[in-house]
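Residues take their numbers from the sequence shown, with the count starting at 1. Since the model is a prediction, treat every value here as computed from it, not as a measurement.
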Amino acid sequence: MARKRVALIAFVFALATAVLVLRVAMMGVFGGSGGLTPAGDALLPDRGMIVDRNGVPLARDFKSYALWFNPKAMEGGDPLTRSPREVAKKLVAIFPDMDEADLEKRLASGKGQYLRRRILPEEANRVFEIGEPALSPPAEPSRYYPEGNLAAHVLGYVGADGKGRVGMEEVFNTSLTDPSTRGTEQVLAIDSRVQAALEDELLRGMGLSQAKGAGGIVLDVDTGEVVALASLPSFDPNHIDEKGMELMFNRVTNQVYELGSTFKPLAVAAAIDAGVVTNLAKTYPAGKPLQVGRFRIRDSHTIGQNINVPEILIHSSNIGTAQIADELGSKRMKATMERLGFNERPYIELPARGFPIWRSGEWPRLTTMTVSYGHGIAVTPLHLASAYAAMVNGGVWRPATLKKLAPNEVPEGRRVFKESTSARMRQLLRLIVTDGTGRKADAPGFRLGGKTGSAEKPGEGGYRRTSLVTTFASAFPMDNPRYVVITMYDEPKGTAATSYQRTAAWNAAAAVGRIVPRIGPMLGVYPDENREIDLSDVRPLIEKGGAH
């Protein structure tokens, strides 16, 4: 009998061993199921992490305590052993920013509810010491943004229901919560260092000019990757309240503006590309307003009787640009704007994307002329950034993206301008900064080029002369463009800090002049004052002066 038992036990062990070996062999041949075991699933965060392009955490999960009122904790009696007033007073001693009267009212209601989200372990211990069974601080998953309000409009936030809202939290919601993918970090194109510098300088400019808002973007001209994107005022995704909800509107991707003179280089580029402008020395009359039907197109000041193409740009002449657009014609002007994506929502992953104010059908002559200097069409600053990237990178438009791209993921894009046109525009944009309205953006050694734009905001009964949107659209370095930088201010004022001027030359351009020296080295672009883009064939045109 003993021998039979030993034999039976040996057989059972042998059979079990055989089953395990067979299982391992099958997994090796056919692969595992790919699913997570309960133990493996427990090791994953409830929601995946979002990091910047360098792996810096921007959004992550951690366990935190909350203050929950559970009136059913005491069966067959009152929810509290003390009066609601006494308990509220003790809670305010722990959380001084809470409203005692409101707490008393909520405790007296007898309704189960959160009294406070996210409390510290030491605060949870003090709640326990109160000795009220109905006050329980449960540990629960919580979304945490280590950098506070940095890139808040890019990230968005997570609602009480555990779902992403507004930004990339909403875009990535499925992959961040799916057990099969939430262990993999979602990598953004954003560089948190560049983002911090952009927000800091935009905020500084808001203070100097007393603007009510600001926006900015740094875009890789060859890939479309958004390295930084800021809309101010901002909000803290760690603490969403009513005020924070009001600040979530994204000025860069969702608000459309008439962006004024920043459109002039695009119109000139379209004319050069079409062969309408073949000689930059050609002059246009600008000594008096341009009459178009019953409308007059004016300049802010008299530039000269006759001005050539570089002078039109460096002095920002509406009259000169309108004549170039008139020669180009409505059909070709509209086609260029369509290839730049100005007739549709901006390309980016964010849910909030504004639709342009765009005139459909055939454009009248006046529309073509006013669009050339940034009126009669309204787009987002992101639209403008992508257009400037195409203008300086050799002529190829690519969609903007907030996802970090591998080299083989960069889209081919679509050609808008010839390479020769792009090369010419790099010269002209540089000239605007060295000799024109963009002088305050000139960061030594970075060969920056760009264009100012100061547009009156539309209102009831026409344009409001006292309310401007100021923009500076730029790229650097102009001998080999790498990044576009756009800054924008909403209703800046003339202050002592801006020499009582409120145009883009004094605020938006000045901000770029501070931003580029800060972010250039972070992005591998270092100042070199011994290098410069070749301007030998265009500088004589402004030194001799076509204006006379």
Next on the checklist: Counting the benzene-type ring for Trp, do Phe472 and Trp506 have ring centres under 6.0 Å apart?
Outcome noted: no

Item to check | Gln501 and Ser499 side chains, donor-acceptor separation under 3.5 Å | outcome: no

Item to check | Salt bridge flag under 4.0 Å for residues Glu532 and Arg430 | outcome: yes

Checklist entry - For the residue pair His301 and His315, does the interplanar ring angle fall in the parallel (under 30°), tilted (30 to 60°) or perpendicular (over 60°) class? => result perpendicular

Checklist entry - Does the pair Arg502 and Thr498 meet the rule for a side-chain hydrogen bond (donor to acceptor under 3.5 Å, both in side chains), with working shown? => result CA-CA 7 Å; Arg502 58 193 181 99; Thr498 62; over 6 Å; no

Next on the checklist: If the condition is ring-ring contact (aromatic ring centres under 6.0 Å, His included), which residues does Tyr145 pass it with, not counting sequence neighbours?
Outcome noted: none

Next on the checklist: Within the 3.5 Å criterion, strictly below it, is a donor on Ser316 or Lys451 matched to an acceptor on the partner's side chain?
Outcome noted: yes

Checklist entry - Is it true that a side-chain atom of Glu311 and a backbone atom of Leu313 form a donor plus acceptor pair closer than 3.5 Å? => result no

Checklist entry - Take atom CZ in Arg415; do more than 12 heavy atoms of anything else shown fall under 6.0 Å from it? => result yes

Checklist entry - Distance only, no hydrogens: is a donor on one side chain within 3.5 Å (strictly under) of an acceptor on the other, for Gln427 and Arg424? => result yes

Next on the checklist: Counting neighbours of NZ on Lys403 that are heavy atoms of other residues, nucleotides or ligands and sit closer than 6.0 Å, is the number greater than 12?
Outcome noted: no

Checklist entry - Run the side-chain hydrogen bond (donor to acceptor under 3.5 Å, both in side chains) check on Ser317 and Asp299 step by step: do they pass? => result CA-CA 6 Å; Ser317 170; Asp299 285 334; 2.9 Å; yes

Checklist entry - With distance as the sole criterion, is a donor-acceptor pair present between the side chains of Thr336 and Arg332 under 3.5 Å? => result no

Checklist entry - Within a reach of under 6.0 Å around CD of Glu344, are more than 12 heavy atoms found that belong to other residues, nucleotides or ligands? => result yes

Item to check | Tyr388 side-chain N/O to Gly450 backbone N/O, donor-acceptor pair under 3.5 Å | outcome: no

Item to check | Candidate list Asp479, Asp442, Asp534, test salt bridge (charged side-chain N to carboxylate O under 4.0 Å, His left out), partner Arg447, passing option | outcome: Asp479

Item to check | Candidate pair Ser454 and Thr503, rule side-chain hydrogen bond (donor to acceptor under 3.5 Å, both in side chains), full reasoning | outcome: CA-CA 6 Å; Ser454 304; Thr503 60; 4.7 Å; no

Next on the checklist: Are Phe342 and Phe263 an aromatic pair, judged by ring center distance below 6.0 Å?
Outcome noted: yes

Next on the checklist: Is it the case that atom CD in Glu362 sees more than 12 heavy atoms from other parts of the structure closer than 6.0 Å?
Outcome noted: no

Next on the checklist: Could you work out, with ring-ring contact (aromatic ring centres under 6.0 Å, His included) as the rule, every residue matching Tyr284, not counting sequence neighbours?
Outcome noted: none

Checklist entry - What's the verdict on side-chain hydrogen bond (donor to acceptor under 3.5 Å, both in side chains) for Glu349 and Thr401, showing C-alpha distance, side-chain angles and the deciding distance? => result CA-CA 7 Å; Glu349 294 83 0; Thr401 179; 2.5 Å; yes

Item to check | N-O pairing of Arg482 and Asp220 below 4.0 Å | outcome: no

Checklist entry - Salt bridge between Glu170 and Arg165, side-chain N to carboxylate O under 4.0 Å? => result no

Next on the checklist: Can you see whether Lys440 engages Asn507 through a side-chain donor-acceptor pair at a distance of less than 3.5 angstrom?
Outcome noted: no

Checklist entry - Hey, mind stepping through Phe235 and His153 against ring-ring contact (aromatic ring centres under 6.0 Å, His included) and telling me if it holds? => result CA-CA 8 Å; Phe235 63 95; His153 287 85; 5.2 Å; yes

Item to check | Ser192 versus Glu147, side-chain donor and acceptor atoms under 3.5 Å | outcome: no

Item to check | Donor-acceptor pair between Glu327 and Gln323 side chains, under 3.5 angstrom | outcome: no

Next on the checklist: I'd like to know whether CE of Met522 has more than 12 heavy-atom contacts from other residues, nucleotides or ligands below 6.0 angstrom.
Outcome noted: yes

Next on the checklist: Whether the Lys418 and Thr421 side chains hold a donor-acceptor pair (N or O, under 3.5 Å, no angle test) is what I'd like checked.
Outcome noted: no

